[in-house]
Structure formats: C-alpha cells, structure tokens
Amino acid sequence: MRFRPTFLLLAAALTLGGTTPDRESTSPEPVRDPTVYVDPLIGTMNGGNVFPGAVVPYGMLSWSPENTRGDATRTAAPGGYRYDTTRIRGFSLTHMSGTGCAGGSGDIPFFPFAGEVTSSPAGDTRDAVYASDFAHADETAEPGHYKVKLASGVTADLTATARTGSGRFTYPADRPATMLIRTANSEVGSTMSDVRIDPATRTVSGSVTSGNFCGYLSPEGRRAYYTLHFTARFDRAFKAVGTWQDAALTPGSTSAGGGTGGFWEGGRPVAGKGAGGYVQFEPGSGPVNVKVGISYVSQAGAEANLRAENPRDRSFDAVREAARRAWRDRLGAIRVGGGTEADRTTFYTALYHSLLHPNVISDTDGRYRGSNDRVHKVARGRGAQYGTFSGWDVYRSQVQLLTLLDPRTGSDVAQSLLELARQNGGVWDRWLHGAAGTHVMNGDPSPIALAGIRAFGGTDFDLRGALDSLVRAATVPTERDLSPAGRPVLSAGQRPSLDKYLAKHYMPSVSNAWGGAAETLEMSGADFALSQLARAAGKNTTAAAFADRSQWWQNNFNSAATPAGGYIANRKADGSWVTGFTPATRNGFVEGTAAQYTWMVQHNPAGLFAAMGGRDRAVARLDAFFHKDDGSWALTDSGGEKSELDNEPTINVPYLYAYAGAPYKTQETVRAAMRELWSTRPGGIPGNDDLGTMSSWYVFSALGMYPQVPSRAELVLSSPLFPYVHIERPHGNDIEIRATGASAGAPYVHSLKVDGRPADRPWLPSSFVRDGGRLDYTLDATPNRSWGSGPADAPPSFREGERPHRAGR
C-alpha cells in the first residue's frame, strides 16, 4: 500500500469563491542556504527508492547504508535503503537513486562491527550476526553527510567528494573494534572480487566486478559489465586482520577473492557465497578515520583520485564542509522566497534529487573506462565523462532542468552519451549503468535527451556527429535491432524491429520491441527530436523527413476503439487491430494502459485533439482522466482508465489542458498533484524517482512551468508555488518570478506580465529560456477561465507531415 498524504490547502482555496487573497506588498526574502531545507530521507518509502547517504552533485561515490530484512542476497529496496527497515549490514560506496528492478551498484559495503570475527560473514545469510539495528532518532541525513549510531554502539559518520569518501567510526571503548569490507556484496551480486590488506600502510584495497541491473528479468541482463576499484586508507594501526571466501574464514590472511555468483541462476546472488576482508583496531583509542578512493579504470586510478581529492592532511570536517558548499552552490541556483517550510523542504529536496545523476565516471586525470571496456580520456575542454543515464525516464524533464541551471554540465552529458555510443558500435543504449548499456525499457530516448539539452542551452557538443549517428540508428536496422535478445524489457537493439517500423510506419503488436503501440509513440517523439537536431545542424531535408515520420503515431490511433472515442491501440502486422480492446488494456503498452498512453503525443497535442474530435472533447476526456465519478481527484491508484502521476507516461498530461483552451485546469490539476502526491514524509515521492525524473517534474511544476515538448524549450505554464523565485544562470540571462497571491496558496492565474508586458498566452517561447526575463503573476483562489483560453493562445503543436488517419481493418 502506498502512503498518500492528504492536503486540504487546494480544496480550501477552491471553496473561497470570489474571495481575493491578500496581495504581497513586497517580495519575501529568498532563502540564504537551501541545504537546510533538504531532507534526503524523503522518498525512502513507498517505492521512491532514493538513498540518504553522503554524495556531492553528480558524484561517482555515494556512501550510503544498505538495509537488510534478514536476507543477505536481497537489498531492502533498490537504492539500498528503506525507511521502515531499521537494520544495516553495511555502508556501500556507490548507489543509484530511485531505480526499480532489484537495485544495482551498492558496491564495496563497509560494516563497522563491535565484536570478534569468528565465522565467515558470507555464511551469515540471514544477517543475524554481522549487521545491526538502528533508530531514526539516532540518524542524520543532509546534503553531503550521513551519520547514524547503531544499536551495537558504533557510530558511522560519512561524507564525500566526487570520487572519494571520508568515514569516521566511533566504537564502544569496551568492545572489539572491527571493520568488515564485503568486497563481493554489491546489491545484485558479483562475478568476482578481491581484497588486499597491507598492515604496514594501514591500507585495504581491491575491486568488485558486477552489473546485472534488472538481470532477474531476462538472461540478457545477467552479465558483468563494470569493475570498481577501491583504496581505503585508515589512520589507525591494525591489531588483527583476516579474510573470508564463502564459508571459509582465514584469520591472519591478507588477501582473498571470489564473487557471489547468481548471474546465471535467475539473476540473484547465491546465499553463502562471497569474499571480503576485515581489520581490527585497538579498542578505546578514539574514532577510526578512513579515506576511500574509487575508480572504474584501475587500482592506480583509485589511489590517484584519493591523493587528488582527499589527501592525508584533509580533515573529515573539511571534506564535509566542502560537500555542503558544493550542494549550497548547486541548489542556490534557484532561490525561492516565501511559501511554507514544508513547501521549501519539498522543493529543495526535489531539486537535490534532480542533481544526483548522471554520474562522473572519469578519474581526476580524465581517464575513464568506456562502453567497449577500453580506457579513454576526456577531451580537452570537457569537464568530465558522465555515465548512469536512465534515458527513458530523464528525457522528459531532468536533463532540461540540469541544463537550464548549468549548460556546461548539460553539454558534457550530451557529449558523454555520444562518446559511449561511438565506443558501442554506434548504439545509443536506452539505460546506461555507468558506461555500459543495460537495454532496459523501450523507445529511443537519446535523440530527445540531446535535443532537450541543446534547446535548454547545452550547445557545446558535437551536434553533427551526434545527428549522423542517431540518424543512422533510425534508418539502418542493425543485427541487434533484428535480434529478439532481451525481449521485451531488455531488448538489445537501439530501435528493436526497426525493419518492421520502417515498412509499416507503426510497430506491429508482435516484434522485438516492448509494447507495439507504446513503441510507435516513443519512436514518433524520437523522430520529432531528430527533426529538431537536424534543423539546428542546417540539415533541412533530414529535418523534413523526420518531421514527417514524427506523425506516424496516427497509425496507431483507432478512432473507433470505443463508443466514447478514439485511443492509441495495438495493431497487428496485417493492419488489423488487436481484439479485446478496452481503455484499461495494457496490451501494447509499457508500465501503463491505452488510456494513459493515448496522451503521449507531446509534440502534437492539436493533432491528437483533432483525432479525438476537437478541443472540447479533449477537455472532457481529460476531466474524466483526472477525476472519479464523484468529482474527486484520480491522480494515481484509481484504475487503468485514470491518470498515474507516479510514473513517467502520464506526468506531462496535466499540461495538455493548456493546448485545449482550459489552462486554468492545468493550474488546478498540477497544484492538486503537488499537494496530494508529494510531502515531506519518507513516502513523499510518488513512485520511483528514476534518477531524478519525478523530482524534476516537481521542481518545474513548483516554478509554474514545464517542458511539455521535451525536445524543445517552450514552457507550458501552470502557476508558481512561491511568491518569489530567482533562477541564477552561469552566464546571466537569469529568470525572476514574482507571484502576488502565492502566499495564500492561490493556484489560478488571473493575469501575467512577461518582462513588464501583459501576456495572455499560457506558455513561454523558447527565447525566454535562451534570454531569461521576468514573470509577474497575479494569482487568485478562483479561476480566470478566459485567460489563455483562445485558440490562438495555445502552445504550439508541430503538425508537419500530418495526413488522414488510416483506420485499418
């Protein structure tokens, strides 16, 4: 069961009738330090799957706890931590925020154990011995810092740089002080690991080879595709050392190796298998400090990263303060004024979660291990090489947000994706874990991500090189495209069954893709993005061809699907419709239904509405989509014919009202979703955060704007949550928002001025993102139904290449 906090603010506002809220005479003071409003524990329940540990923006290292529910082969939640599971088996050095499946990363768990090691930790399959309970009252989580006192009496205090971590562990004075390094125990297991202990230099080093993201779903995922190396340097001498491999414990040993197995046995680690080492310190001599460096390149890379970022003379407190400053600077790019403390906490926590990924995968010397498992170097002028990119999720709003705030990072992400594709034989994988493709999900998100990055100011990447590669991938079927490997969830090809798509102009119900109808919608969006990239590169013929292809979604629109009107539906190769259709069907769709996917024509809502029978029909259907029969909200968990704003396929849909002449309904629906689905509680993120995707939706929505067409920079408006917002950008062109009435919680726009001029349109042109500017809102508790409602006021739809719908047989 998912926790759904109930908020009455919007309902109260809607009952005020014509009452006008008090107007702010002056703008409230913007927050000075946004880090105090971040709570990393938000989203650690009910499927948010975020982690609360120590990390800096886009950091390679994230030092965070691994919870256990009594099974050493399963993490409590993807991301390692679940709020209602108060037992810890280790603190791992890498994590992914908000993913699904069984997790991933969680490499090299360190566990401070107040006792003697008398049996192999690998044999503790129920985590009964080498784990400890804790209470949330003894836990602190804040940007760049995590601290917890375990029931064993040990306190773990953790902080981080981009590629290193600092740990301070305090043990009870009257008990043995031991540190376990579980090298084999990545969240979903390992094929190999090794550990080496050097008492003379007080160093433990080694590596783990892992991968296996979503491997339990398909043999295609049951493979290792990265090796993480580590070096840990302690400030205390070792009183005793030892290692283990599987059931065998070897006191005094300084090296061991072995993996947990399981990649080929259902994609799960095998109970009782694994290797690691332990070191013990003289008890009662004060805290044990350790500095850890990691690298995906080599052991020497881990040591070099440690020397460069966390030298011996740098104190724990200095590292923690630098991490806090790094977050203060990043989060401070958006400074809000006013609002409740809960609003500020939800907002800045969402912004924090939006800036955790992608991750730096290059070392301080610029070297990184690429998707072909060879070592490459970041080109001169680039900040870093990035990996861990959940394309299907983040193309919708997360890359746009990070680029809006820092175009250089956006440009580096775009160039990173191109470099990894070049190393991967020209294949742009949908979901990168580190540098490696996992093939997870559907569609071809890379064109949309790159177009979105470019539209929001990240223009410093090889546009023509990227375009050539992506166009080839969209026009020339590869061996992987033609292969059923991994089907359906982990389809190996970038455009599975591209041959069928090019022949039919839709994806048939039987193909290598996951969900025929959903795939057609995803491909239409990707092709529209290619038209935008081509136009930016001056390739007008290519742009026109892909603009035409972007309208192929029409071939999956069945105007006679139900008596109530047309829907996107699954279609057979012979042109006939798959039988047994209902709006709630999942046949042909990915993590959604026909009713939910029908709206996913982001680039051409006007064309979709025309197919539905016009704007009035579209508004009526949107009303039914977001409401139950009694008029109450149906925002999630209300059945397959209603919205699911806790997952990606429908998060853009509230903004479609603006295209249909009812922008006030966008304003009230977005505000209702923010109030009912988001909170400051551990369950306060609706659904998987998916590397910041859901959180970036909240950030944009709280600002009162959203990139509904993700490959362009027009912003569809809702209404600002805060009376004052200042968005500071690195090269000027700042954005300032003032919203009279926001302090009273008013969700409706009564009037708007853009740079001092009255504006009647519920959207901003791409030039606003480019140039910046000032927005002055007047908000009210009652809707202004005429503002932005005219046909000429609607945001642009891109209808090139439209043709009459073919109904099929």
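Computed from a predicted structure; not experimentally measured. Residue numbers run from 1 in the order of the sequence given.
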Just say parallel, tilted or perpendicular for the rings of Tyr226 and Tyr296, cut-offs at 30° and 60°.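 Judged by the thresholds at 30° and 60°, the geometry between Tyr226 and Tyr296 is perpendicular.
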Scan side-chain atoms only and decide if [X] and [Y] contain a donor-acceptor pair under the 3.5 Å cut-off.
X	Y	result
Asn424	Ser371	no
Thr409	Asp406	yes
Asn305	Thr364	yes
Gln398	His353	no
Ser105	His433	yes
Asp690	Ser390	no

For [X], side-chain hydrogen bond (donor to acceptor under 3.5 Å, both in side chains) partners two or more places apart:
X	result
His357	Asn359
Asn688	Asn49
Thr203	Thr201
Ser695	Asp689

With sequence neighbours left out, which residue pairs that include part of residues 525-538 fulfil the side-chain hydrogen bond (donor to acceptor under 3.5 Å, both in side chains) condition?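 The answer is Arg495-Asp527, Asp527-Arg549, Gln532-Arg712.
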State which residues pass ring pair (Phe, Tyr, Trp, His ring centres under 6.0 Å) with [X]; sequence neighbours excluded, sorted by chain then number.
X	value
Tyr352	Trp327
Trp63	Phe110
Tyr368	His376
Trp431	Phe213

Which pair of non-hydrogen atoms, one from [X] and one from [Y], has the smallest distance, and what is that distance?
X	Y	value
Met523	Asp444	CE-N, 3.2 Å
Ala333	Leu405	CB-CD2, 4.2 Å
Ile294	Asp363	O-OD1, 4.4 Å

With sequence neighbours left out, write down each residue that passes side-chain contact (heavy atoms from CB on, under 4.5 Å) with Arg268, or none if nothing qualifies.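 With sequence neighbours excluded, Arg268 shows a side-chain contact (heavy atoms from CB on, under 4.5 Å) to Arg74, Ala102, Tyr216, given in chain and number order.
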Glu522 vs Arg396, salt bridge (charged side-chain N to carboxylate O under 4.0 Å, His left out): CA-CA, chis, key distance, verdict: CA-CA 12 Å; Glu522 293 281 3; Arg396 302 163 199 269; 3.7 Å; yes
With sequence neighbours left out, what residues match Asp481 under salt bridge (Lys or Arg N to Asp or Glu O under 4.0 Å)?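 For Asp481 there are no salt bridge (Lys or Arg N to Asp or Glu O under 4.0 Å) partners, ignoring immediate neighbours.
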Restricting to salt bridge (Lys or Arg N to Asp or Glu O under 4.0 Å), what partner residues turn up for Arg222, sequence neighbours left out? none
Among Asp468, Leu467, Leu418, exactly one meets side chain to side chain contact (heavy atoms under 4.5 Å, CB included) together with Asp462. Which residue is that? Leu418
